[in-house]
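The structure appears below as structure tokens.
Side chains are part of it too, since the values below use all heavy atoms of this structure and drop only hydrogens, waters and symmetry mates.
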Number of protein chains: 2
Amino acid sequence: MLVSSVPLPTLRRLPRYYQYLARLRNAGQDQVSAAHMAEVLGVHHTQVRKDLAMAGCQGRPKTGHKVAELIATIEGFLHWDSQSDAFLVGVGSLGTALLNYPGFDKAGARIVAAFDQDINKAGRKIGETLVLSMDKFTSLAERMHIAVGILTVPAEAAQATADLMVGSGIRAIWNFAPVALDLPKGIIVENLELFTSLALLLRRLSDSGSAAPES
Amino acid sequence: MLVSSVPLPTLRRLPRYYQYLARLRNAGQDQVSAAHMAEVLGVHHTQVRKDLAMAGCQGRPKTGHKVAELIATIEGFLHWDSQSDAFLVGVGSLGTALLNYPGFDKAGARIVAAFDQDINKAGRKIGETLVLSMDKFTSLAERMHIAVGILTVPAEAAQATADLMVGSGIRAIWNFAPVALDLPKGIIVENLELFTSLALLLRRLSDSGSAAPES
DNA sequence: TAGATTGTTAATCGATTAACAATC
DNA sequence: TAGATTGTTAATCGATTAACAATC
């Protein structure tokens, strides 16, 4: 209950396995060995075995794993076989992109409503999702027992919006704003750090040889 | 040259330090101690000192670090004081969001042109950036010595587009498609994994108590 | 059976934390 | 000087890799 005990790196690798397995399934392959997955994904084969074991997957000596079985098990382990309802706040271009993004339902989340400060946006529909005005946020979140908030507002508004979410019963925030949110203990925050990701790319590029960035 | 020797976790934390320091600067504070940053950011104080040392920051006993100096040093270390030119391919809603996203120039990249399969999009301007047709990609990338490609096409088109990028001299790809790209050795790929991030959030939520996702 | 593959236990490696010396 | 803070060296911890036993 308190500690997950699943190593974070394992948790990060499982979606990659899943995605590759889905490709195998689409290609009609129904058996796969840990060694093969390791080879393709650039992970040590023992690592793959340990990760799969963590997720509760079991294979058979000699034949390996059944692709369909692996997919189902990982899906269950990541809770991708059911969906948590989520509210999104901030229908700017990033929020809009997420509302149009395909596949969240397959990754365990369903955006059931979106909200924006700008009342002109209220009433619009983006993708399948209706945009509502902010003043409906708390009552709706409470009534629908929403646990997940997606935060795509500008950096300046992020903290206040996060506070509103927490005040409305939300317990997990997926934060796209480049701000370290200050929230009560027990609230789960996952920061999607665009700039960090870009920094990693650029540093590896400049480390990898002649490649100093241009002035 | 070959190996960066900067631990990846350190590289991931530096942008967080930077962002917090920028806030301090804006608030007019000009000195800060490693212990204080550690406290606020939830990192061990020794960790902060090591990370800062890695980036080449130096403080003074008793007084701590100068905020402005830290910012300048980290900026330089992450190459955020200069920009690499980048081409973006895939002007869907995610690509559009990135083109509108503020602050990439401050994070070391400048999107100088965007490209899309759909010729109807050619000629449009999104934010400051002109959208061009795909057939101009290779010649322009070569002529401008573009090293960085941003990949925001649908999953199905990702591999082919990445191949085109590599064939046009691009050496680093920031990949937003949920696909493991298969590319020649030496090409740097940084995957921005939306689904992985979401999976982490949902798993922590369901680990943290009564909170099984709703059916 | 022999061989391939799983799954586990032990060894290694690297990052984090602790202890402490240096210094303004 | 005394005390706060830096920066470094040593100890711990956890994840990765290696070795090997189990099994279809």
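You'll find the side chain of B:Ile170 reaches within 4.5 Å of the side chain of B:Phe137, heavy atoms only. Contact of the B:Leu52 side chain with the B:Thr73 side chain is not registered, since no non-hydrogen atoms from C-beta on lie closer than 4.5 Å.
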Starting at the 5' end of DNA chain D, write a dot or bracket for each base, bracketing those in Watson-Crick or G-U wobble pairs whose two distances are under 3.5 Å and using | for partners on another strand.
..||||||||||||||||||||||
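Residues B:Leu183 and B:Ala162 come closest through the heavy atom pair CD2-CB, 4.0 Å.
Between B:Met54 atom CE and D:dT8 atom P there is a gap of 11 Å when expressed in whole angstrom units. Regarding A:Leu11, its CG atom lies at a distance of 14 Å from the C1' atom of D:dA15, rounded to whole Å. Taking atom CG of A:Leu52 as the reference point, atom P of C:dT5 lies 15 Å away to the nearest angstrom. Taking atom CG of residue A:Leu8 and atom P of nucleotide D:dG14, one finds them 14 Å apart after rounding to whole Å.
Ring geometry, A:Phe104 versus A:Trp174: the interplanar angle exceeds 60°, so the pair is classed perpendicular (tilted spans 30 to 60°). Under the 30°/60° scheme for interplanar angles, the aromatic rings of B:Trp80 and A:Phe195 are found to stand perpendicular.
Residues from residues 28-39 of chain B lying near DNA chain D, meaning a heavy-atom separation below 4.0 Å, are B:Ser33, B:Ala34 in numerical order.
Residues passing the side chain to side chain contact (heavy atoms under 4.5 Å, CB included) test with A:Ala177 are A:Ala158, A:Asn175, A:Val179, sequence neighbours excluded. Qualifying ring-ring contact (aromatic ring centres under 6.0 Å, His included) partners for B:Phe77, counting only residues two or more places apart in sequence or in other chains: none. Every residue two or more places apart in sequence or in another chain that forms a salt bridge (Lys or Arg N to Asp or Glu O under 4.0 Å) with A:Arg13 is listed here: A:Asp51.
Taken from CG in B:Leu24 to CD in B:Gln31, the straight-line distance is 11.5 Å, to the nearest 0.5 Å.
Checked by atom type and distance alone, the side chain of A:Gln83 pairs as donor or acceptor with a backbone atom of A:Asp105 at under 3.5 Å.
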When every nucleotide of nucleotides 16-24 of chain D is labelled 5' to 3' by its protein contacts under 4.0 Å (heavy atoms), B for base, S for sugar-phosphate only, - for none, what sequence of letters results?
SBB----BB
